[in-house]
2 protein chains.
Amino acid sequence: MAASTLSEVARLAGVSLATASRVLNGSSRKPAEDIAERVRAAADKLGYVPNAQAQALAKSSSGLIGLIVHDIADPYFAAIARGVQDAARQQNRMVLLASTSGASLDEKEAVAAFAARRADSIVIAGSRSVRAEDQQGNAELAAELDRYCRNGGHVGVVGHPIVGASVSEGYHVVKVPNEELAAGLAAELAASHEGAFLIIAGPEGLYTSDDRVRGFQRGLAEAGKPAAEVIRTGFNRAGGYDAGLALADRIKASESRLCIFAVNDVMAIGVTAALRPEGVWIPRDATIAGFDDIETLRDFRPALSTVHLPLEDIGRLAAGDTDTPPVSGVVKLRRSTETPVESQV
Amino acid sequence: MAASTLSEVARLAGVSLATASRVLNGSSRKPAEDIAERVRAAADKLGYVPNAQAQALAKSSSGLIGLIVHDIADPYFAAIARGVQDAARQQNRMVLLASTSGASLDEKEAVAAFAARRADSIVIAGSRSVRAEDQQGNAELAAELDRYCRNGGHVGVVGHPIVGASVSEGYHVVKVPNEELAAGLAAELAASHEGAFLIIAGPEGLYTSDDRVRGFQRGLAEAGKPAAEVIRTGFNRAGGYDAGLALADRIKASESRLCIFAVNDVMAIGVTAALRPEGVWIPRDATIAGFDDIETLRDFRPALSTVHLPLEDIGRLAAGDTDTPPVSGVVKLRRSTETPVESQV
DNA sequence: TTCAGATGGGAAAGCGCATTCCCGTTGCCA
DNA sequence: TGGCAACGGGAATGCGCTTTCCCATCTGAA
């Protein structure tokens, strides 16, 4: 990647480096119009493209914003990424992407790489965990982020603060009221559901999952329902699928309909996918609700009850450098939790 | 973003800048182990993170790879992005993201921004077009890319060469045999479908769309079928939806079943979504096939017939700097094009 | 006419690093 | 023991740009 440089432009225009810089790359000092014109012409002729690396070095600000997700092809993260991208556009920055599969060690490396590139800010999405096996990774990630913040970086976290973060300066969290919303969902479901409830959750220690489980149980309790059984599985479609397989026989054997709450939409989709070939129909034989309202749901049948989260906004907010009030969500009851009527058309 | 610098490390370790650089950032010359140890200790103590900008400036190579997509939240692009990301990981690079909504003017700006950041290579996905209104944008995009290539950049294009590119050095195209595969799809569909065919295509001039239309028609012709009517609409879900709405009455009025080929999966999904509330069932009242085999299809009902494309591989290949043979696809016939049997369970 | 104050261009000093060249050491062979 | 090659560390240069400081020129008021 060689290209023509500012000094070449300056020479061709017969001006100094300083003047050329002032003309081309927005300075507070505006050279005279005739000179400016000459410089622009020269730049155009040479096909000059400013070297952002050099600019970043000179001004010590890179115009980069780092985004860390588990998997960019997961609709949940893709929606957030879209929001981040949008915010970046408005701020005239570019997005640096890192997918980590959720391994905190990879996340740590990504943070280091972003820090090396002197990203102005870092957005980190994806559920945090306090599981024992993530302990060390979390600590290292927190240390890396702390260092980054101490050096003046901004960090936006989606959902839940980084475990073990000790510096407050520079962090900001886009809070998602998972617990309240899950409670709200439970309340609405409890109003129309007679039978038992069951929660398909992620591994214990995942904040997002735990919050939603807790909220849902609270909602049930407040509605005078007994607590739901909790099944732990992977926090993704595959986890939901496994849980669905394990559940199929039980549902078929049962008299009353079960109401299943999967702690996120992709898990709910996985459950449904596993149940379908077993002949278990939703909502006839069991009802199910998810969480997130990912865009994919639009074309998923049966229409999935869920809690709508403004994912794009969340991405946008996380990419901003300021604190924000918690985002709000909305319970969406759809066909997957409808009470089936015998005579339904 | 201030952080400790190499010279601070060098000073603390009591060595020269050169030595510190050699120890920390992999050079061909390896300083003595005791010195190296001292330098590493100093770096660790100061929390030294090399400034990638400065490194890039000094070595004139940024380790960046730019990715241009229409919309990162579209499953098609997300899958490609995943592949690119994967390739970047292996090459120890980072991905710079730009979403452009397909506007070639935005794409041009993205290329310029990547060039400014001295990205080592650029991957550009999303259908090219020769429509009149894109004329100027295309020309400018091509010029920008040409310049980038002349300056030593590598460009990987998915699907179809950039219109108007005049430099060959540095370009490489991941060829997708859209026409052949569409022909293959038509052949297989023709084998079992009696009635008429209809194609829901993107705007005229979109290469990907046009290729698939041409291939499909050819396949029909070779199977001795009359050419299919072609409806033009947007190359996305909304376009498919509109087409579906427009088609509903006609399908309901018709005696024989129509076989619809939507030139990509999201359009097929849109068509189906529009048809469903109208009481048109797939495959009972009409059959439908898409193209791409995006991951979303896994959970879409009725299971959509389509042509499987190795999207992740495509991303990976585009991110490599070498020419590759065309990728291969596979026709997948699924429930959406099954011949309904009256007595079907 | 003179001088203070603007105005605007240019020289030069970095930004943080890689790398080339130079030079003092050491090891080995004759 | 002298001489030469190989080795390893350091000074210095430059990557492409921004920005400070300096200086020449011009303006207007005294």
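Residue numbers start from 1 in every chain, and the chains themselves are labelled A, B, ... in the order their sequence lines are given, proteins ahead of strands. Everything quoted here is computed from the prediction, not taken from an experiment.
- By the 30° and 60° cut-offs, the orientation of the rings of A:Phe77 relative to A:His70 is tilted.
- For C:dC17, the OP1/OP2 oxygens have no side-chain nitrogen or oxygen of B:Gln55 closer than 4.0 Å.
- Phosphate proximity of D:dG10 to B:Ser16: present, with a side-chain N or O under 4.0 Å from OP1 or OP2.
- In this structure, A:Leu6 atom CG and C:dC15 atom P are separated by 19 Å, rounded to whole Å.
- Straight-line distance from the CG atom of B:Leu24 to the P atom of C:dT19: 14 Å, rounded to whole Å.
- Using modelled atom types, one side-chain atom of B:Asn138 and one backbone atom of B:Ser129 make a donor-acceptor pair closer than 3.5 Å.
- One can place NZ of B:Lys59 at 21 Å from P of D:dG14, the figure rounded to the nearest angstrom.
- If A:Pro50 and B:Val15 are placed on DNA chain D by their nearest nucleotide, the residue sitting closer to the 5' end is B:Val15.
- Atom pair B:Arg38:CZ and D:dG8:P shows a separation of 15 Å (rounding to whole Å applied).
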Set out, in order, the CA-CA distance, both residues' side-chain angles and the distance that settles side chain to side chain contact (heavy atoms under 4.5 Å, CB included) for B:Val111 and B:Ile122, then state yes or no. CA-CA 8 Å; B:Val111 171; B:Ile122 294 180; 4.0 Å; yes
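- Atom CG of A:Leu17 is separated from atom P of C:dA13 by 14 Å (rounded to the nearest Å).
- B:Asp146 and B:Tyr171 share a side-chain donor-acceptor pair at under 3.5 Å.
- Between the side chain of A:Arg22 and the base of C:dG8, no donor-acceptor pair of N or O atoms lies under 3.5 Å.
- Among the protein residues, B:Ser21 comes within range of the nucleic acid bases, having at least one heavy atom under 4.0 Å from a base atom.
- Using a cut-off of 4.0 Å between Lys/Arg side-chain N and Asp/Glu carboxylate O, A:Arg89 and A:Asp86 are scored as not salt-bridged.
- Counting to the nearest Å, the P atom of D:dC17 and the CG atom of B:Asn51 are 16 Å from each other.
- For D:dG10, one of the phosphate oxygens OP1 or OP2 lies less than 4.0 angstrom from a side-chain nitrogen or oxygen of B:Thr19.
- Per the geometry, CZ belonging to A:Arg118 stands 17 Å off C1' belonging to D:dC17, to the nearest Å.
- Comparing D:dG16, D:dT19, C:dT19 against the side chain of A:Leu57 picks out D:dG16 as the nearest.
- Atom CD in B:Gln53 sits about 13 Å away from atom P in D:dT18, given to the nearest Å.
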